[in-house]
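Report on the following structure.
All values derive from a computational prediction rather than experimental measurement. Counting from 1, the numbers follow the sequence of the chain as shown. Note that these values count all heavy atoms, side chains included, but never hydrogens, waters or copies made by symmetry.
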Amino acid sequence: RSFYHYDFINPKSKTIGNFLIIELEEKHFQLQEITFAKQAKIEKDSLQLISGWSRKFTQEASSHIRFESRELALKGAEEYFMREWKEPATMSSSELKLYSQDLASMGASANRFLLEAEFRRAFSCAFFILVLISLLAVNLAGDKGFLWPLTISLVGGFVYWQTMAVFRSLGLSEIISPFLAAWSPQILFLLLGGYFLSKVKT
């Protein structure tokens, strides 16, 4: 019987980081072999273990072997391990933080997960910005009735969400940092909204 443990999975490159395999003799539940690989590439029915070691145990002694590359036959490997993958949007904030740290420690890009975490924090400002847009719409429309404030609010909200989408794309492309991608739209709209609101005659 085999047990698997790993730190992270990169779905784009189909690689597993810090992959550990523990094999037990099922009848007497005794340890047979431990295998560790710094990286494992996921293939359809196998895993390509890279840069690791293996230690086999017998009743008399144990043996230790290092390897640069080794193929591990595992039927349905791709379906099994890729099924375990979770999209950043479905992860909790603590999962995002831990996953980002694991990726960074392995030298892999954690940009996507850092971006998701920053956008979740920045999203707390969305309510205040939408309220600010509504206040500006009411003041700009004056006494022109209900339709004008509603139209201005909808247009302002649409521009705000599109700005968020543009900055998210810039963050995903690593043109700007996750922090700037998430917080630049919030700061921009808060400053502009505050400025125009201060100019409104009361």
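Taking the side chain as every heavy atom from C-beta outward, Leu31 and Ile22 approach each other to under 4.5 Å. Contact of the Phe128 side chain with the Ile133 side chain is not registered, since no non-hydrogen atoms from C-beta on lie closer than 4.5 Å. With a 4.5 Å cut-off on side-chain heavy atoms, Gln32 and Lys56 do not count as touching. Between Ile16 and Asp7 the shortest side-chain heavy-atom distance does not fall below 4.5 Å.
Between Leu132 atom CG and Cys125 atom SG the span is 11.5 Å, to the nearest 0.5 Å. To the nearest 0.5 Å, atoms OH (Tyr6) and CG (Leu20) are separated by 12.5 Å.
Remark: Glu33 does not engage Arg55 in a salt bridge, criterion side-chain N to carboxylate O under 4.0 Å. With salt bridges taken as basic N to acidic carboxylate O contacts below 4.0 Å, none links Glu116 and Arg121.
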Can you list, pair by pair, the side-chain donor-acceptor contacts under 3.5 Å of residues 176-190, counting residues two or more places apart and other chains?
from: Ser177; atom 1: OG; to: Leu180; atom 2: N; distance (Å): 3.3
from: Trp183; atom 1: NE1; to: Glu118; atom 2: OE1; distance (Å): 3.1
from: Ser184; atom 1: OG; to: Leu180; atom 2: O; distance (Å): 2.6
from: Gln186; atom 1: OE1; to: Tyr160; atom 2: OH; distance (Å): 2.6
from: Gln186; atom 1: NE2; to: Ala182; atom 2: O; distance (Å): 3.2

Using residues 42-53 as the side-chain source, report each donor-acceptor pair under 3.5 Å to any protein atom, sequence neighbours left out, with the distance given to one decimal.
from: Glu43; atom 1: OE1; to: Ser46; atom 2: OG; distance (Å): 3.0
from: Asp45; atom 1: OD1; to: Gly76; atom 2: N; distance (Å): 2.8
from: Ser46; atom 1: OG; to: Glu71; atom 2: OE2; distance (Å): 3.4
from: Gln48; atom 1: NE2; to: Ser69; atom 2: OG; distance (Å): 2.7

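Checked against the 6.0 Å centroid threshold, Tyr4 and Phe19 count as a close aromatic pair.
Enclosure of atom NE2 in His5 is not indicated, since only 12 or fewer non-hydrogen atoms of other residues, nucleotides or ligands lie within 6.0 angstrom.
Ser54 approaches Thr35 most closely through the heavy-atom pair OG-OG1, 3.5 Å. A pairwise comparison of heavy atoms in Lys41 and Thr15 identifies CG-CG2, 3.9 Å as the closest pair. Scanning all heavy atoms of the two residues, the minimum distance from Ala126 to Trp161 falls at CB-CH2, 4.2 Å.
The hydrophobic clustering, which links ILVMFWY residues whose side-chain heavy atoms are closer than 4.5 Å, places Leu114 and Leu170 apart. Cluster annotation: Phe113 and Ile9 are assigned to the same hydrophobic cluster (Ile/Leu/Val/Met/Phe/Trp/Tyr, side-chain heavy-atom contacts under 4.5 Å, transitive). Hydrophobic clustering, with ILVMFWY side chains joined whenever heavy atoms are under 4.5 angstrom apart, groups Met164 together with Val159. Note on Leu72 and Phe67: same hydrophobic cluster, where clusters join Ile, Leu, Val, Met, Phe, Trp and Tyr whose side-chain heavy atoms are under 4.5 Å apart, directly or indirectly.
Relative to the six-membered ring of Phe123, Arg120 misses at least one condition, a distance below 6.0 Å or an angle of at most 45° to the axis.
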